[in-house]
Amino acid sequence: MPNIKIFSGSSHQDLSQKIADRLGLELGKVVTKKFSNQETCVEIGESVRGEDVYIVQSGCGEINDNLMELLIMINACKIASASRVTAVIPCFPYARQDKKDKSRAPISAKLVANMLSVAGADHIITMDLHASQIQGFFDIPVDNLYAEPAVLKWIKENIPEWKNCTIVSPDAGGAKRVTSIADRLNVDFALIHKERKKANEVDRMVLVGDVKDRVAILVDDMADTCGTICHAADKLVSAGATKVYAILTHGIFSGPAISRINNACFEAVVVTNTIPQEDKMKQCPKIQQTCYTYERHPLIQVIDISMILAEAIRRTHNGESVSYLFSHVPL
């Protein structure tokens with residue numbers, strides 16, 4: 001692949017390395033450091049003139065620092081005459097602040113979109129946006145990839161009784177995602193209606209659908225403090241579900257999340273590696289990681305999505321269609 005460079009931000013270098021290995025490329029040389037006053041400094045260590053540049057940086061960890069680092073890296077490449085700069089952001093930062101749901105609330109996702117455009121990004125590749133209309137906040141092309149094909153593969157390979165399961169959405173917002181998975185597995189779906197009094201706190205929940213004597217698979221795009229999915233799991237068990245799995249694209253797991261998962265009645269909590277999970281897995285035996293690229297450990301299973309991002313980069317670079325990835329996992 002000529003005229004292509006891949007650089008990694010400091011948020012998730014393991015994923016960047018997997019993407020580069022998959023494409024048969026070396027990661028570009030970049031040095032990121034902080035001055036004593038905490039300003040971020042980036043030095044791109046090789047020529048990018050006339051190159052197609054991809055910068056991989058996930059919205060996790062120290063989110064504000066990582067976002068600023070991404071903006072500086074985009075700008076550094078742009079003013080060094082890169083022909084095109086694509087930001088690969090597996091987990092989009094501030095995606096939950098996508099609407100004005102109360103007076104004087106900011107729409108921070110739009111602000112982040114503006115910042116990326118002004119920094120010089122020509123194209124964005126992201127995964128499972130919290131609200132797909134965020135794509136409309138940009139005036140540049142945005143490819144919103146889906147973890148769904150990898151999730152379907154995981155369900156079929158790891159849940160023996162998947163034909164007798166119900167796919168459950170823990171809130172009304174995820175109904176579309178859940179119906180899509182249920183249709184492709186040809187099983188039933190259910191959803192849980194929840195009411196919040198304030199952010200990160202659930203007031204009450206109502207289950208709509210039947211899970212009695214079935215395996216319930218909770219599917220959501222994001223789990224932060226895990227209050228919702230742990231409440232939902234209790235609700236499903238009390239409604240007669242035999243086993244409860246949770247499959248999440250972005251496992252943020254902040255605050256009391258890990259202790260909540262350890263105390264909840266999950267068979268397993270499966271996440272993708274859009275966010276690094278090594279530390280969380282040490283604290284929690286239920287978070288399973290599946291790496292399709294490596295020999296599998298029977299207990300430790302994260303769905304590896306590096307091949308989806310790598311294939312999206314390859315197709316974008318070669319001017320091919322990316323829509324194949326919406327329904328297939330690249331081999």
Side-chain angles (χ1 to χ4, degrees), residues 60 91 95-99 101-102 128-131 147-148 151 154-155 158-159 161-162 164-182 187-272 274-275 277 280-281 283-288 302-303:
C60 56
C91 180
R96 282 176 290 182
Q97 298 182 38
D98 62 314
K99 58 187 177 293
D101 52 359
K102 50 185 181 287
D128 273 359
L129 277 172
H130 187 64
E148 183 183 300
V151 166
W154 190 90
I155 290 172
N158 294 277
I159 302 178
E161 56 278 74
W162 66 268
N164 181 38
C165 75
T166 301
I167 311 292
V168 186
S169 172
D171 55 26
K176 209 169 180 180
R177 184 182 299 108
V178 163
T179 48
S180 171
I181 291 173
V187 296
D188 289 341
F189 73 92
L191 64 87
I192 290 171
H193 173 69
K194 69 177 181 190
E195 292 171 11
R196 287 187 192 273
K197 281 193 172 164
K198 59 183 180 196
N200 289 338
E201 268 188 42
V202 178
D203 185 30
R204 70 190 192 99
M205 289 189 150
V206 181
L207 174 66
V208 183
D210 181 29
V211 294
K212 191 165 174 58
D213 301 326
R214 291 179 182 213
V215 174
I217 304 173
L218 277 163
V219 177
D220 206 356
D221 68 320
M222 186 181 285
D224 187 356
T225 55
C226 292
T228 301
I229 61 161
C230 292
H231 268 115
D234 295 340
K235 190 86 189 165
L236 292 168
V237 169
S238 62
T242 53
K243 289 180 183 172
V244 181
Y245 292 85
I247 302 181
L248 315 157
T249 307
H250 309 299
I252 300 169
F253 302 140
S254 61
I258 297 296
S259 62
R260 282 177 176 169
I261 289 172
N262 282 332
N263 295 327
C265 45
F266 291 114
E267 286 292 308
V269 176
V270 182
V271 292
T272 72
T274 55
I275 293 173
Q277 299 293 347
K280 308 286 191 323
M281 286 168 63
Q283 302 167 38
C284 180
K286 287 185 186 171
I287 297 176
Q288 296 199 347
V302 164
I303 300 178

Visitor: Taking all heavy atoms of Lys235 and all of Val206, pick out the closest pair and write down the distance.
Guide: CE-CA, 4.4 Å
Visitor: Taking C-beta and beyond as the side chain, do Ile159 and Glu161 meet within less than 4.5 Å on heavy atoms?
Guide: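 With C-beta onward as the side chain, the pair touches.
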Visitor: May I ask you to decide if Gly251's main-chain N or O and Gln277's side chain share a donor-acceptor pair within less than 3.5 Å?
Guide: yes
Visitor: Look at the side chain of Asp171 and the backbone N and O of Gly174, then say whether any donor-acceptor pair between them is shorter than 3.5 Å.
Guide: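 Here the side-chain-to-backbone pair exists.
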Visitor: Indicate yes or no for a side-chain donor-acceptor contact from Thr272 to the backbone of Thr249 under 3.5 Å, with no hydrogens or angles considered.
Guide: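 Checked: pair present.
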Visitor: Looking at OG1 of Thr242 and NZ of Lys212, how far apart are the two atoms once the value is rounded to the nearest 0.5 Å?
Guide: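 Rounded to the nearest 0.5 Å, the OG1-NZ separation comes out at 10.5 Å.
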Visitor: What closest approach, in Å, do Cys230 and Ala264 show between heavy atoms, and which atom pair accounts for it?
Guide: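 Closest heavy-atom pair between Cys230 and Ala264: SG-CB, 4.0 Å.
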Visitor: Please report the closest heavy-atom contact between Arg96 and Ile252, naming both atoms and the distance.
Guide: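 Scanning both residues, the minimum pair turns out to be NH2-CD1, 4.1 Å.
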Visitor: Please find the pair of heavy atoms, one from Leu218 and one from Val244, that lie closest to each other, and give the distance.
Guide: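 So the minimum-distance heavy-atom pair works out to CD1-CG1, 4.1 Å.
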Visitor: To the nearest 0.5 angstrom, please state how far the NE2 atom of His130 sits from the CG atom of Asp220.
Guide: 8.0 Å
Visitor: Short question: side chain of Thr166, backbone of Phe189 - any donor-acceptor pair under 3.5 Å?
Guide: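 Judged by distance alone, no pair lies under 3.5 Å.
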Visitor: Counting N and O atoms only, with roles assigned by atom type, does the side chain of His250 sit under 3.5 Å from a partner on the main chain of Asp128, one being a donor and the other an acceptor?
Guide: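 The answer is yes, because a donor-acceptor pair under 3.5 Å joins these two groups.
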Visitor: Which atom pair, heavy atoms only, marks the closest approach of Met205 to Pro170?
Guide: CE-O, 4.5 Å
Visitor: Which heavy atom in Phe266 sits nearest to a heavy atom in Tyr245, and how many Å separate them?
Guide: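 Nearest heavy atoms, Phe266 then Tyr245: CD2-C, 4.3 Å.
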Visitor: Hey, does Val178 have a side-chain heavy atom less than 4.5 Å from the side chain of Leu191?
Guide: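 The answer is no; the side chains never approach within 4.5 Å.
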Visitor: Measure the OG-CD1 distance between Ser169 and Ile181 for me, rounded to the nearest 0.5 Å.
Guide: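 Those atoms lie 9.5 Å apart.
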Visitor: Using only heavy-atom distances, determine whether the side chains of Ser254 and Asp224 contain a donor-acceptor pair under 3.5 Å.
Guide: yes
Visitor: Just verifying a value: how many Å separate Asp188 CG and Asn164 CG, rounded to the nearest 0.5 Å?
Guide: 9.5 Å
Visitor: As an exercise, state the distance from NE2 of His231 to CZ of Arg260, rounded to the nearest 0.5 Å.
Guide: 8.0 Å
